[in-house]
Amino acid sequence: MMTSPLPDLEAILLVGGQGTRLRPLTLGTPKPLLPTAGVPFLAHQLARARSFGVRRIVFATSYKAAMFEPAFGDGSAFGLSIEYMTEETPLGTGGAIRNAAEALTAGPSDPVLILNGDILSGHDIGDQVRTHLARQAAVTLHLTEVDDPTRFGCVPTDASGRVTAFLEKTPNPVTNRINAGCYVFARSVIDSIPRDEVVSVERETFPGLIASGEIVLGYTDRTYWLDVGTPAAFVRGSRDLVLGRLGSPALPGPVGEHLALEGSRVSAEAKVQGGTAVGARAVVGAGASVVGSVLLDDCVIEPGAVVTDSVVGTGARICAGAVVHDAVIGDRAVVGPGNELRHGVRVWPDIALPERAVRYSSDV
């Protein structure tokens, strides 16, 4: 994975977002703490970061900030040292990085890794850091190549790999390379960001560095990359980890068609496959079909229910004969018999849908 270890690298992990695109899952839990392939999403990032030589991480928190330290403590369980810095008011990406930097110990020329708390990536962080150091760059950005760059702003580079611009979304992008959300900064560059101000690194810091002639590099690859910000992407990320399409040292079991956590009960007559994660104490009844989904702790999938490409919240119940496809079911919600939920529908926590309340096809 690495040609040589990086000595005691420090990182800042940006975990302040509200995760609005993932509601109702994020009403009570910050997006980076959502169970993903059996563990909080950030556990996968922390384990990968450590494998590349990161030893100290500063969490830049804002939304539900008090929930992070109980989840990860001082980091010792991950072989890390973790500090927590909170923004009282959201400061943008640049402001969050600058605020968190107060807890760094790195010297002015040392590299500092910046990670976004909603990205799954298979790229070689160690090689990105080594490239940054070899070129004496101010910032080195991970860029990923995508098939449809019209959905993103794009980041063109010159022949030497230097970033030349940060372009907004356009129907005719000049490149298929986009900002993948993992940066290596020289510590001195972080310190140049104004304190206690709202600053965007993408719109202000990076273009300002380019304009002043500093070296802003693009580190480009086409390894696995996913922004888990939507329900469909969140389900896909969990599924890919369970299936082994992206390796993670934090996966709490072997890769395979499904991952079942301690205390879960899956009937031998149930079909549970496609990278499904079955949470602790969750129950899947005989004749039920669960494919490519995330079942959170204590939920119940009754006999004969069908769940596909969906998230079923903590303590929720999918009753016999219900069909849930490409949907999000909130914590403790009940989907009564004969309901058919499809096409991205979201059921809020504690809602109980009576029998045949919602159908997407004619009654049968």
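Only a predicted model underlies this, so the values are computations on that prediction, with no experimental measurement involved.
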Exercise. Which residue pairs pass the side chain to side chain donor-acceptor pair (under 3.5 Å) test when at least one of the two sits in residues 334-343, sequence neighbours left out?
Worked result: E340-R342, E340-S361
Exercise. Tell me, which pairs form a side chain to side chain donor-acceptor pair (under 3.5 Å) where one or both residues lie in residues 284-304, sequence neighbours left out?
Worked result: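 Of all non-adjacent pairs touching residues 284-304, those that pass side chain to side chain donor-acceptor pair (under 3.5 Å) are R281-D298, E302-R317.
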Problem set entry | Pairwise distance CD(E87) to CG(N99) - rounded to 0.5 angstrom | 6.0 Å
Which side-chain N or O atoms in residues 260-267 pair as donor and acceptor under 3.5 Å with protein atoms at least two apart or in another chain?
residue, atom, partner, partner atom, Å
S264, OG, L261, O, 2.7
S267, OG, E269, N, 3.0
S267, OG, E269, OE1, 3.4

For this session: Side-chain contact test, heavy atoms from C-beta onward, threshold under 4.5 Å: evaluate it for R177 versus C154 and give yes or no.
Result: no
Exercise. Could you walk me through whether D124 and F52 pass the side-chain contact (heavy atoms from CB on, under 4.5 Å) check?
Worked result: CA-CA 8 Å; D124 189 330; F52 286 107; 3.3 Å; yes
With sequence neighbours excluded, what pairs up with [X] under the salt bridge (charged side-chain N to carboxylate O under 4.0 Å, His left out) test?
X    : answer
D240 : R236, R245
E102 : R98, R195
R162 : none

For this session: Output yes when R21 and D227 qualify as a salt bridge under the 4.0 Å nitrogen-oxygen rule, no when they do not.
Result: yes
Seminar exercise, completed: Residues passing the ring-ring contact (aromatic ring centres under 6.0 Å, His included) test with H123, sequence neighbours excluded, are H142
Exercise. What residues, two or more places apart in sequence or in another chain, satisfy ring-ring contact (aromatic ring centres under 6.0 Å, His included) together with F68?
Worked result: none
Exercise. Do V278 and V335 share a hydrophobic cluster (ILVMFWY, side-chain heavy atoms under 4.5 Å, transitive)?
Worked result: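 Yes, same cluster.
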Problem set entry | Connected hydrophobic set around Y219, excluding itself, where side chains approach under 4.5 Å |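 Answer for Y219: none, a lone residue.
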Problem set entry | V306: hydrophobic cluster co-members (side-chain, 4.5 Å) |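 Members besides V306, by chain and number: V323.
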Exercise. Hey, mind stepping through D350 and R332 against salt bridge (charged side-chain N to carboxylate O under 4.0 Å, His left out) and telling me if it holds?
Worked result: CA-CA 5 Å; D350 300 301; R332 301 170 304 279; 2.7 Å; yes
Exercise. Quick one: does T144's side chain have a donor or acceptor within less than 3.5 Å of a partner on R222's backbone?
Worked result: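 Absent.
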Exercise. Is there a side-chain hydrogen bond (donor to acceptor under 3.5 Å, both in side chains) between T20 and Q18 once you walk through the steps?
Worked result: CA-CA 6 Å; T20 53; Q18 294 191 24; over 6 Å; no
Which pairs of donor and acceptor atoms, one on a side chain in residues 32-45, lie under 3.5 Å apart (sequence neighbours left out)?
residue, atom, partner, partner atom, Å
T36, OG1, L34, O, 3.0
H44, ND1, S248, OG, 2.6
H44, NE2, T36, O, 2.8
Q45, NE2, N116, O, 2.7
Q45, NE2, I119, O, 2.8

Exercise. Yes or no on side-chain hydrogen bond (donor to acceptor under 3.5 Å, both in side chains) for T140 and Q128, after CA distance, side-chain angles and deciding distance?
Worked result: CA-CA 7 Å; T140 302; Q128 181 183 353; over 6 Å; no
Under 3.5 Å, side-chain donor or acceptor atoms of residues 69-79 against the rest of the protein: list the pairs with distances, not counting sequence neighbours.
residue, atom, partner, partner atom, Å
D74, OD1, S76, N, 2.9
D74, OD1, S76, OG, 2.8

